[in-house]
Number of protein chains: 2
Amino acid sequence: MAPSETARRHTRDDVARTALRLLDDVGLPDLTMRRLAAALDVQPSALYHHFPNKQALLADLADRIVAGRPPVSSSGNWAADVRASASALRDSLLAYRDGAEVVSSTLSMGLGADAALDRLASAIAGGGFDEATTRQAATALLHFVLGHVSHEQQRLQYDSIGVTVEGGPDASASAFSFGVDLLVDGLRARARVGAAR
Amino acid sequence: MAPSETARRHTRDDVARTALRLLDDVGLPDLTMRRLAAALDVQPSALYHHFPNKQALLADLADRIVAGRPPVSSSGNWAADVRASASALRDSLLAYRDGAEVVSSTLSMGLGADAALDRLASAIAGGGFDEATTRQAATALLHFVLGHVSHEQQRLQYDSIGVTVEGGPDASASAFSFGVDLLVDGLRARARVGAAR
DNA sequence: ACCTGAACACCGTTCAAGT
DNA sequence: ACCTGAACACCGTTCAAGT
């Protein structure tokens, strides 16, 4: 125990966990490498020992945010499973400040958020659609969920600044359900046609 | 003509148009106030005479991107109109590098992109849905369109760097149509129920 | 393996002052 | 009305060097 009273060296997991806490405290725009370093009581350059760059760190955070809730188990009703998966994903994103924005950004970088897509896809696959339909429907649903929750979280910020927003959280949740139902109903129409028994 | 050979003073419209050109040339991450100032042959601080901050500039760009194409005129077939509106919006976004990202960001700031929502909503309204349904469906569709095209444009960048992406532009366009159809079919199911003649 | 210290090449924004 | 010059308070990232 040479260096000092408190342990000083960090692991990659430490860094990610601290980043997640900092994200929740200050939001994505203020989650800088320098602030993260300060939170870890370390020089900014030390972070680059654990992550090659900020993008890689954010991709890791996205994975952790999505994995926050366990995947929903299949119930035998694929439409209900899709709704439950979408709702669970929304909850995961809402669990961290700017969670949707973080996952969105890594999805567009092609780095993370695969888990989110996979979960939606496997729920949809329960309806017996072909692979192309399943993948495209999952992508459409993911885009809707990320867009909706991003919007929702942005309004939460305005709200916390004191600006009152029309609708409120109930309206937001019901608009979310509506969007998911729209996509599920669209798929249902396809199931009737596709399942040419 | 006191100052010099070339006219030196700019209008707000000049600034926005130059910003749009710069966006197309270098992409959103490199569209900085300082580079824009350099492109206008002006000091960075001069920009703040035309726009209060970068957010306001981006909101203006978003409006211009969405207004790039005229709204589709009603054809008597609301479902076809919705598909045409979504497709026209996609074309507008694809017309500028990172167009979808620009519009997304201003939408989440509650500043612009109203025109995009309004166009989708008026096409949907042709189906005779109540106002809440129309608005929520338009929002869902807008989220899908923005998410899809953002993703699409990000892949274009990887493509231009030399990385070959699975699928290609045809697959992307057909996945877009599929997502729009899914939402339209979901709405159609609702039309049958709602129009309890 | 993990970190420091110092630097490089940038950002957005403000503000007094000029014409 | 539109702009300059200079500053303020930051960024992400690299790299030699330390332990």
Side-chain angles (χ1 to χ4, degrees), chain A residues 1-20 22-23 25-62 98 101-102 105-106 108-109 111 157 161, chain B residues 1-20 22-23 25-62 98 101-102 105-106 108-109 111 157 161:
Chain A
M1 52 181 70
S4 84
E5 312 281 2
T6 64
R8 327 191 71 260
R9 296 183 122 81
H10 299 288
T11 155
R12 184 184 158 101
D13 190 65
D14 282 339
V15 174
R17 290 162 72 102
T18 305
L20 221 37
L22 188 59
L23 172 69
D25 284 347
V26 303
L28 183 57
D30 287 336
L31 175 59
T32 67
M33 297 301 268
R34 297 178 106 102
R35 283 177 81 130
L36 175 56
L40 287 160
D41 207 14
V42 131
Q43 294 294 318
S45 53
L47 299 177
Y48 293 84
H49 191 79
H50 302 286
F51 293 95
N53 49 49
K54 191 178 180 178
Q55 277 195 2
L57 171 65
L58 289 177
D60 198 274
L61 298 189
D98 293 339
E101 206 73 34
V102 171
S105 70
T106 70
S108 61
M109 303 182 320
L111 280 176
Q157 252 183 71
I161 304 301
Chain B
M1 50 183 70
S4 82
E5 313 281 3
T6 63
R8 327 193 70 260
R9 295 185 122 79
H10 299 287
T11 155
R12 183 184 160 102
D13 190 65
D14 283 338
V15 175
R17 292 163 71 103
T18 304
L20 221 38
L22 189 59
L23 171 68
D25 284 348
V26 303
L28 184 58
D30 287 337
L31 175 60
T32 67
M33 297 300 266
R34 297 177 107 101
R35 284 177 82 130
L36 175 56
L40 288 161
D41 208 15
V42 133
Q43 295 292 319
S45 53
L47 299 176
Y48 294 83
H49 191 79
H50 302 286
F51 294 94
N53 51 48
K54 191 178 181 180
Q55 277 196 3
L57 171 65
L58 289 177
D60 198 274
L61 298 190
D98 292 339
E101 206 72 34
V102 171
S105 71
T106 69
S108 61
M109 301 180 322
L111 279 176
Q157 252 182 73
I161 305 302

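Letters A, B, ... mirror the listed sequences (proteins, then strands); counts begin at 1. Values in this document were obtained by computation on a predicted structure and should not be read as measured data.
Here, C:dC11 and D:dA7 have their C1' atoms 14 Å apart, quoted to the whole Å. Taking the P atoms as reference points, C:dA9 lies 23 Å from D:dA9, given to the whole Å.
The side-chain heavy atoms of A:Val26 and A:Thr32, taken from C-beta on, include no pair separated by under 4.5 Å. Annotation: side chain of A:Val102 is not in contact with side chain of A:Leu31 (no heavy-atom distance under 4.5 Å). B:Val15 is not listed as a side-chain neighbour of B:Val42, based on a closest heavy-atom distance of 4.5 Å or more. At least one side-chain heavy atom of A:Asp60 sits under 4.5 Å from a side-chain heavy atom of A:Arg12.
The CG-C1' distance, from A:Asp13 to C:dA1, rounds to 16 Å in whole Å. Distance, A:His49 NE2 to D:dA16 C1': 16 Å, rounded to whole Å.
Residue B:Gln43 places at least one side-chain N or O under 4.0 Å from the OP1 or OP2 atom of D:dG5. For the pair A:His50 and C:dC3, the criterion of a side-chain N or O lying under 4.0 Å from OP1 or OP2 is met.
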Find every protein N or O atom lying less than 3.5 Å from an N or O atom of nucleotides 17-19 of chain D, and list the pairs.
none

Nucleotides 10-14 of chain D: which of its N/O atoms have a protein N/O under 3.5 Å away?
residue, atom, partner, partner atom, Å
D:dC11, OP1, A:Thr32, OG1, 3.3
D:dG12, OP1, A:Met33, N, 3.2
D:dG12, OP1, A:Lys54, NZ, 2.9
D:dG12, OP2, A:Met33, N, 2.9
D:dG12, OP2, A:Arg34, N, 3.4
D:dG12, N7, A:Arg34, NH1, 2.6
D:dG12, O6, A:Arg34, NH1, 2.8
D:dT13, OP2, A:Tyr48, OH, 2.8
D:dT13, OP2, A:Lys54, N, 3.0
D:dT13, O5', A:Tyr48, OH, 3.4

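Taking a pair as Watson-Crick or G-U wobble with both distances under 3.5 Å, DNA chain C forms stems of 3 or more consecutive pairs at C:4-8 with D:12-16, C:12-16 with D:4-8.
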